Amino acid sequence: MKCRKCGAPAALELRRHNAAFCAPDFLEFFRNQVREAIRRHRMLTKDEPVLVAVSGGKDSLALWDVLLEDGYRTTGLYLDLGIFDYSVESRAKCEAFAASRGAPLVVRAVADEVGAPVPVIKEVTRRPPCSGCGLSKRYLMNRAALDLGIPVVATGHNLDDEAATLFGSVLHWQTDALARQSPALASTHAKLARRVKPLYRLSERETAAYAFLRKIDYIVEECPFARGATSIAHKEVLARLEDASPGARHNFVFGFLDRARAAFERAEGVTLNECARCGQVTTGTVCAFCKLADQVKRAAAR
Ligand code: Q46
Ligand code: ZN
């Protein structure tokens with residue numbers, strides 16, 4: 001197999017693109033996909049700062065690496081979820097990455113903000129761990145951006161993540177989630193940062209190859225709570241489809257974005273208020289995060 005660009009022996013075959021690349025040309029292909037995502041959805045500009053949410057995994061660290069290489073003004077944000085050794089190790093990976101690049105990293109702990117780490121929130125709420133965790137992450141990302149005066153948060157969601165989320169939303173016809181599924185979400189309120197996913201055009205296998213070739217030291221283990229999550233089952237189904245027909249994920253996500261999303265967007269239309277407690281954006285009176293923190297506090301008092 002030869003590199004499509006230069007004809008040298010290929011290091012990686014990309015079946016869905018019907019192409020193969022040598023290592024340097026793959027890295028350039030990867031960066032160009034990120035640039036195309038940013039250009040097409042006007043995600044970022046080089047003269048405004050961007051908060052990059054990093055988990056210590058390959059995707060978010062690959063994203064931070066590309067943005068740094070391309071000269072964006074980045075600050076990393078690591079949210080310590082308090083999930084046993086997984087959190088200790090993933091935090092260390094983020095700190096080592098930031099130190100090696102001389103890039104600023106902000107760390108916030110869920111335990112400080114909610115009153116308990118994710119495993120305790122799970123017990124208190126008697127809900128799947130990802131529910132309290134996801135809620136806290138979205139809230140704290142936005143609040144960190146506001147505190148730091150950064151207008152946009154970038155996350156490392158890749159094509160596989162987007163396909164799995166879309167699949168889950170379609171299975172349950174969650175029309176509000178379908179309206180919000182986009183590589184770039186504009187700010188609809190003064191207290192809401194923009195949210196962008198510059199890796200949405202790249203598969204998990206491609207981000208893994210990028211991280212490997214760039215010698216990024218990332219945490220390989222997944223969150224111990226990921227195993228039971230339904231999103232993993234969705235990913236497995238999609239992996240089988242992709243195997244049988246390369247490009248299935250790509251067509252699923254890009255077809256939705258090009259042809260279907262607008263219909264759901266029109267159907268939505270919510271009014272946003274400021275939470276009576278914390279001032280962040282909510283559709284109700286008190287936001288879901290403040291309610292969660294109350295629940296944790298009440299449990300601690302018992
Ligand atoms: S960290 Fe949190 Fe994920 Fe772990 S508890 Fe679930 S949501 S799986 S990306
Ligand atoms: Zn609140």
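As the structure lists them, so they are numbered: ligands from 1, and atoms in each ligand from 1. Treat the numbers as computed from the prediction; the structure is a model and nothing was measured.
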Checklist entry - So which bit of K137 gets within less than 4.0 Å of ligand 1, heavy atoms only: side chain, backbone, both or neither? => result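 Contact part for K137 vs ligand 1: side chain (C-beta onward).
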
Item to check | Side chain to side chain, C22 and K5, heavy atoms closer than 4.5 Å | outcome: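 No, side chains not in contact.
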
Relative to the heavy atoms of [X], which atoms of ligand 1 are at a distance of less than 4.0 Å?
| X | value |
| --- | --- |
| L81 | 1 (S) |
| C130 | 5 (S), 6 (Fe), 7 (S), 8 (S) |
| A226 | 8 (S) |

Checklist entry - Taking only residues two or more places apart in sequence, or in another chain, which ones meet E28 in a side-chain hydrogen bond (donor to acceptor under 3.5 Å, both in side chains)? => result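 Per chain and number, E28 pairs via side-chain hydrogen bond (donor to acceptor under 3.5 Å, both in side chains) with R31, R35.
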
Item to check | Metal-centred angle, the Zn ion (ligand 2) as apex - SG of C287, SG of C278, 10° resolution | outcome: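 Vertex the Zn ion (ligand 2), arms to SG of C287 and SG of C278: 110°.
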
Item to check | Cationic N near anionic O, under 4.0 Å, D160 to R249 | outcome: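 Yes, charged N to carboxylate O under 4.0 Å.
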
Checklist entry - So which protein heavy atom does atom 2 (Fe) of ligand 1 come closest to, and at what separation? => result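 Atom 2 (Fe) of ligand 1 sits closest to the protein heavy atom C133 SG, 2.3 Å.
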
Checklist entry - For the ring pair Y200 and F254, is the centre-to-centre distance below 6.0 Å? => result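 Y200 vs F254: aromatic centres under 6.0 Å.
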
Next on the checklist: Would you call the rings of F252 and F167 parallel, tilted or perpendicular, taking 30° and 60° as the class edges?
Outcome noted: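 The arrangement is perpendicular - the two ring planes meet at more than 60°.
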
Checklist entry - Can you say whether the rings of H17 and H250 are parallel (under 30°), tilted (30 to 60°) or perpendicular (over 60°)? => result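 Geometry flag for H250 against H17: perpendicular rings.
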
Item to check | Under 2.8 Å: N/O/S of C223 next to atom 4 (Fe) of ligand 1 | outcome: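 So C223 does bind atom 4 (Fe) of ligand 1 by this criterion.
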
